[in-house]
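Everything on this sheet refers to the single structure shown next.
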Amino acid sequence: MRFNLMRSLLLHPYGGSIITVRSTTTSGQYVASRARDPVFEKLMDKYKNLLKVIAIQDLVLANPTAEPPSVSIEFLSRLSQKLHLNRGAASFLRKYPHIFHVLNDPVKSQPFCRLTDAAMEISRQEALAINAGLSVVVDRLVRLLSMSISKSVPLRAVFKVWRELGLPDDFEDSVISKNPHVFKLSDGYEPNTHILELVQEEGKGLSFEAAVEKWRVVECCKEDCSVDRIDIQFSFKHSYPPGMRLSKNFKAKVKEWQKLPYVGPYEDMVGKKKNKSGVMGVEKRAVAIAHEFLSLTVEKMVEVEKISHFRKCFGIDLNIRDLFLDHPGMFYISTKGKRHTVFLREAYERGRLIDPNPVYEARRKLLDLVLLGRHAALSDSRDTNMSEEE
């Protein structure tokens, strides 16, 4: 057990000031003590196997020498530990006959794996959806860079979240290189590293509206709106896990925090670090950046470890995971699948995106195949074997 500094009141940023106290609670215990949300836990229970399927699918599609694309079971077996396939590659593939087709190569005398027609069609639909929305992809990258203090981020950090941002797998060529008036790659400080920079015309700044600002406008325009525009100008939408008890003192602190002014994620921080909100304003800006980052993702979710790669670029001096845990009304962290995944609570209802997009819809189809498992697959596999024998 190690010591760490925890702020008071459990959800400490809601206090009028930050009070650090010495505690014997470990970071792991802090995660374990969070209020659980069964809807998100159930969703992540499904996603943990989908992520393994996607990892194998990428390996299959990345093999350019085979037609149709395929990889050997032996190759996948060597990667079993890295892919978290606890019972081995062959056992995992057999669980998803609607996605993977295992066949023997008569020449090499070893089993291979390829995608089924259904899985290939879903992959094609996702690629078409991404390519059809390349202008959206460019906008996402520009917004990402605009949140950075230096208007630049390490290219390797973007590679970490290329799928979450809905980028094409060849985005370095199809997005960055094809938009030299928007993006520029330069050498990093370390060998063999690159920095992705935003190209800005001198004296011409970019202006963006954050997702939370759009929500505020919608709230104020509702017929039954009971809040004043001034009261809501710095607020974020909150909804809490079912069964989470909220004391009167806690609610009062939340209300106080909601009114706290802060510098928006797209606003320049130069000369604004010492504003009247002080440390709490800086913390709220970090929350706003995390909120906007999740809003830019296709599925409004990302692994905490991946977003941590942008922490320094965004000027966030706080622990990202603790930041999410501190705000359970906005974010939800699941630890399923040996990873910490954060969801934007307001984007979901009953385990699905409220405002879906074409890329998300394609990925949901793959999830549906994962959930089918071996159901209704026996007759399909027999028909396939008969056609191959013919």
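- The minimum heavy-atom distance linking Arg311 with Leu318 is given by the pair CD-O, 3.1 Å.
- Checking Gln258 against His238 by side-chain atom types alone, a donor-acceptor pair falls below 3.5 Å.
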**Study point:** Stepwise salt bridge (Lys or Arg N to Asp or Glu O under 4.0 Å) check, Lys300 with Glu346
**Key:** CA-CA 9 Å; Lys300 316 309 175 193; Glu346 67 193 66; over 6 Å; no
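- The environment of CD in Glu209 is crowded: more than 12 heavy-atom neighbours from other residues, nucleotides or ligands sit within 6.0 Å.
- Considering every non-hydrogen atom in both Tyr262 and Ala288, the closest pair reads CE1-CB, 3.5 Å.
- Ring pair Phe40/Tyr348 is perpendicular by interplanar angle, where above 60° counts as perpendicular and below 30° as parallel.
- Here Glu305 does not pair with Arg339 in a salt bridge; the nearest charged N to carboxylate O distance is not below 4.0 Å.
- Closest of all the heavy-atom pairs between Ile195 and Pro154 is CD1-CA, 4.0 Å.
- Residue pairs satisfying the ring pair (Phe, Tyr, Trp, His ring centres under 6.0 Å) criterion with at least one member in residues 131-170, sequence neighbours excluded, are listed as follows: Phe159-Phe171.
- By the neighbour-count criterion of 12 heavy atoms within 6.0 Å, atom CG of Asp117 is sparsely surrounded, having that number or fewer from other residues, nucleotides or ligands.
- Evaluation of the side-chain contact (heavy atoms from CB on, under 4.5 Å) rule for Lys184 yields Glu197, Val199 as partners, not counting sequence neighbours.
- Taking every heavy atom of both residues into account, Tyr360 and Leu353 meet most closely at OH-N, 3.2 Å.
- Counting only residues at least two apart or in different chains, ring pair (Phe, Tyr, Trp, His ring centres under 6.0 Å) contacts with residues 104-140 are absent.
- For NZ of Lys48, the number of neighbouring non-hydrogen atoms (other residues, nucleotides, ligands) closer than 6.0 Å is greater than 12.
- Both Ile73 and Phe75 sit in one connected hydrophobic cluster of ILVMFWY residues. Membership requires side-chain heavy atoms under 4.5 Å apart, directly or through other members.
- Inspection of the Glu172 and His194 side chains reveals no N or O donor paired with an N or O acceptor under 3.5 Å.
- Between Glu299 and Tyr47, the side chains place a donor N or O and an acceptor N or O closer than 3.5 Å (distance only, hydrogens not considered).
- Linking Ile, Leu, Val, Met, Phe, Trp and Tyr residues whenever their side-chain heavy atoms come within less than 4.5 Å places Leu43 and Leu371 in a single cluster.
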Review point. Run the side-chain contact (heavy atoms from CB on, under 4.5 Å) check on Val287 and Met330 step by step: do they pass?
Key: CA-CA 9 Å; Val287 171; Met330 296 169 60; 3.4 Å; yes
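- Here the closest non-hydrogen pair linking Arg285 and Glu267 is NH1-O, 3.5 Å.
- There is no path of hydrophobic side-chain contacts, each under 4.5 Å, that joins Leu165 to Val136.
- A donor-acceptor pair shorter than 3.5 Å can be found between the side chains of Glu41 and Tyr332.
- The 12-atom threshold is exceeded at NZ of Lys151, counting heavy atoms of other residues, nucleotides or ligands nearer than 6.0 Å.
- By the 4.0 Å N-to-carboxylate-O rule, Glu121 lies close enough to Arg124 to be salt-bridged with it.
- Ring pair Trp257/Phe236 is tilted by interplanar angle, where 30° to 60° counts as tilted.
- Shown here is Arg156, whose CZ atom has no more than 12 heavy atoms of other residues, nucleotides or ligands within 6.0 Å.
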**Study point:** Verdict with supporting geometry, Asp58 and Arg163, salt bridge (Lys or Arg N to Asp or Glu O under 4.0 Å)
**Key:** CA-CA 11 Å; Asp58 287 348; Arg163 187 183 296 278; 2.3 Å; yes
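- Here the closest heavy-atom approach between residue Arg216 and residue Ser235 is recorded as NE-O, 2.8 Å.
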